[in-house]
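Read through the structure below, which is laid out as structure tokens, and then see the notes.
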Amino acid sequence: MGSVPRDRWSSDFSRWFDWVIEEAEVYDYGRYPVKGMGVWRPYGFQIRRRILDIVRELHDSRGHEEVLFPLLIPEDLLRREAEHIKGFEGEVYWVTHGGVDPLDVKLALRPTSETNITYYENLWIKSYKQLPKKYYQIVSVFRYETKATRPMIRLREVTTFKEAHTVHDSFEDSERQVLEAIEIYRELFERLGIPYIISRRPEWDKFAGALYTIAFDTIMPDGKLLQIGTAHNLGQNFTKALDFKIQLADGTLEYPWQTSYGVSDRVVAALIAVHGDDRGLKLPPTIAPIQVVIIPIPGGSEEDKARVLRESRSIEEALKSSGVRVVVDEREDLRPGAKYYYWEARGVPVRIDVGLEEVETGMLTIARRDTLEKLKIPRGRLLEELRALFKDIEENLKEMAWNFARSMITRVDTIEEAEKWASEKKGLLEIPWCGREECARTVEEKLEVKTIGTPWPSEDAPRGKCPLCGAPAITIVRYAKTY
RNA sequence: GGGGCCGUAGUCUAGCCUGGCUAGGAUGCAGGGCUUGGGCCCCUGUGGUCCCGGGUUCAAAUCCCGGCGGCCCCA
């Protein structure tokens, strides 16, 4: 299984990624005349939409309500929470003019929506009886990135920001909500077959304005970590800043507690990256805009040609009426081999070849994209076999992705081992830690990595000593190169 | 934040150092022929603000300055 090479995929990931999003017509990046902005093309848009379908389902089924807030946030509102604006100040886009006239109050293109959503929660929510309240929206957010931008991974317009914002009548309930957020994201990534590592971000790298941040990261083919989801407990920071109080059961007034959690375009990027190979995309059948492609292989005579085409269309009809997303590639100017490469690049999970042989024997030739394995299936059992095959492909993609991710995690006890890791291996490094920022910063400098955080949930019995200061370890800590 | 490389047709690219002829090729696209079980072949055609602005020059894709954009490496 897994016979397609992954040389370019792993050793030249950046170029591979640029190539695949163009070849598969997912996302057009680098040609739009504004830095850090790209275009979702129809095929990519469908992939994105199917992912969002799952995102919506997971939120809706747990009592979240979808809303839509304005894009513009007035400066004074964005500045209300001091830590928040400190964290975002350097990367906010400002609208400063209306027509030719300067505006009295500058308007920010939202970098995130805690402030303006809290502003409305304050208007709408008066009592603990209305809580918990869970809103979410899926919108564009803007960040004036100063680092190098990358398609889908570091954008100035993040076009697919799902941000959830919740309100609670106690700290305990907000803690419970963080757990629910983590469960939602777990399930999302499970369904997409994207491996994930959950960490509590270090104090110095938490969301601006949060008490703490729990983050999901995945490991990209080049061994760098990509943050693909975060959940924040905001405590009362924003409700205090906006003077948002509710009445509790005992009649007292109190600032409610909040959480927020988000995922972005990066989920699509991760899906493409973790499942790809040197031929292109490999899409899980639930996400694939086209699940089955039928390639007619015409025989010599006009009559044979017609028979093959008739059979192809008849299979198409049968699958379509059972809800399978299927197309017949009837293009006459391409030979079958060229069509194989074409659809493989687009990640279509299953291909059916229909030639004279298939017409005459009633046995269909099926090729699966994940392994390129070919199977013979009697036409009469096609549908049930396909359903089983979809499931198998989905599980196989997930397993291959997890195997790769696991192979990129290394745990060591000494700084010598860590340095050895840094010189030859990529991925995630785990080391015992005393908990002091100073020691982590030293490791960051020595190994040229970033602190990812500590395991979530935390491990029971951390062993050993901090290899830097020798103090007893209170946890392990993770390091990696990141996007 | 610092350093480096780069920008020529939808895509990839030659030409740039050493300024000068109609900016050449591959791929794609359109038409025709031939073919069809892993990227066929042949013919014809199509497609260019040489990233943008300024400067030097008789003459700029080429040299200089600035901007915009992309990639890589280091903090």
Side-chain angles (χ1 to χ4, degrees), chain A residues 3-5 8 11-39 41-42 90-91 144-157 220 222-224 277-280 293-309 311-312 328-346 348 351-361 363-369 371-376 422-423 426 441-451 479 481-483:
Chain A
S3 57
V4 181
R8 281 204 308 140
S11 68
D12 200 6
F13 171 68
S14 210
R15 237 176 293 230
W16 175 88
F17 191 77
D18 290 348
W19 166 78
V20 81
I21 59 177
E22 186 196 323
E23 185 71 16
E25 300 184 340
V26 171
Y27 191 78
D28 196 322
Y29 185 80
R31 300 200 286 185
Y32 193 74
V34 180
K35 182 182 167 75
M37 299 187 186
V39 177
R41 303 187 61 179
E91 49 188 67
Y144 185 77
E145 292 287 352
T146 51
K147 287 185 184 181
T149 51
R150 311 181 84 90
M152 284 191 250
I153 288 173
R154 177 166 279 111
L155 297 166
R156 285 185 168 179
E157 180 182 5
M220 298 299 258
D222 58 2
K224 285 196 199 171
D277 64 24
D278 285 1
R279 293 265 173 96
V293 60
I294 300 170
I295 311 289
I297 301 163
S301 69
E302 281 304 311
E303 192 194 328
D304 291 342
K305 226 169 163 172
R307 285 170 74 198
V308 163
L309 209 51
E311 176 70 358
S312 299
V328 181
D329 189 344
E330 296 193 15
R331 289 177 292 180
E332 289 185 15
D333 48 350
L334 290 183
R335 295 162 72 98
K339 295 181 183 178
Y340 297 163
Y341 283 102
Y342 179 92
W343 293 106
E344 281 163 7
R346 282 160 180 72
V348 175
R351 188 183 82 225
I352 303 178
D353 294 342
V354 179
L356 270 185
E357 189 190 315
E358 285 75 11
V359 174
E360 272 156 19
T361 62
M363 294 291 283
L364 298 178
T365 305
I366 310 267
R368 49 190 285 181
R369 172 66 182 90
T371 61
L372 286 194
E373 197 179 357
K374 285 188 184 176
L375 332 158
K376 294 280 186 185
S423 67
K426 298 166 168 177
R441 296 293 199 185
T442 307
V443 173
E444 286 188 347
E445 273 176 43
K446 268 195 156 123
L447 307 187
E448 295 173 348
V449 290
K450 252 196 80 182
T451 307
Y479 301 97
K481 285 193 186 287
T482 61
Y483 272 98

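We name chains A, B, ... by the order of the sequence lines, and we start the count at 1 in each one. Since the structure is predicted, the reported quantities are computational estimates derived from the model, not experimental observations.
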Closest contact, heavy atoms only, Trp343(A) versus Asp329(A)
NE1-OD2, 2.7 Å

Assign a letter to each nucleotide of nucleotides 66-75 of chain B from its 5' end: B, base within under 4.0 Å of a protein heavy atom; S, sugar-phosphate only; -, no contact.
---SSSS-SS

Using a 4.0 Å heavy-atom cut-off across all strands, classify Leu356(A) as base, sugar-phosphate, or nothing.
base

Mind checking the P distance from U62(B) to U18(B)? Whole angstroms is fine.
14 Å

Give Lys305(A) one of three labels, base, sugar-phosphate or nothing, depending on what nucleic acid heavy atoms sit under 4.0 Å from its own.
base

Is atom CZ of Arg331(A) surrounded by more than 12 heavy atoms (other residues, nucleotides or ligands) closer than 6.0 Å?
yes

G19(B): pairing nucleotide in any strand, Watson-Crick or G-U under 3.5 angstrom
none

Look through every strand shown and name the nucleotide pairing with C5(B) as Watson-Crick or G-U wobble, where both distances are under 3.5 Å.
G70(B)

Answer yes or no for this row: Tyr340(A) ring on G38(B) base, centroids under 5.5 Å, planes under 30°.
no

If pairing requires Watson-Crick or G-U wobble contacts with both distances under 3.5 Å, which nucleotide is the partner of A75(B)?
none

So what's A61(B) paired with, Watson-Crick or G-U wobble, going by both distances under 3.5 Å?
none

Under 4.0 angstrom, heavy atoms only, what part of the nucleic acid is Glu23(A) near: base, sugar-phosphate, or nothing?
nothing

Rounded to whole angstrom, note down the P distance from G15(B) over to G55(B).
29 Å

Name the residue closer to the 5' end of RNA chain B, choosing between Arg331(A) and Val354(A) according to the nucleotide with the nearest heavy atom.
Arg331(A)

For Lys426(A), does the NZ atom sit with more than 12 other heavy atoms under 6.0 Å from it, leaving out its own atoms?
no

For Tyr27(A) and Met152(A) the tightest heavy-atom approach is CB-CE, 3.7 Å

Describe, in one word, how the ring planes of Phe13(A) and Phe17(A) are oriented to each other, choosing from parallel (under 30°), tilted (30 to 60°) and perpendicular (over 60°).
tilted

Please list each protein N or O that sits under 3.5 Å from an N or O in nucleotides 40-45 of chain B, with the distance.
| unit_1 | atom_1 | unit_2 | atom_2 | d |
| --- | --- | --- | --- | --- |
| C40(B) | N1 | Arg335(A) | NH1 | 3.3 |

With both distances under 3.5 Å as the test, what is the Watson-Crick or G-U wobble partner of C50(B)?
none

If you go through the side-chain atoms of Glu344(A), does one of them form a donor-acceptor pair with the base of G38(B) closer than 3.5 Å?
yes

Whole-angstrom distance between C63(B) and G25(B), as gauged at atom C1'
26 Å

Euclidean distance for C1', G53(B) against C21(B) (whole angstrom)
29 Å

Would you mind classifying the nucleic acid contact of Thr365(A) as base, sugar-phosphate or nothing, using non-hydrogen atoms under 4.0 angstrom?
base

Which nucleotide sits closest to the side chain of Lys374(A): G38(B), G37(B), U36(B)?
G38(B)

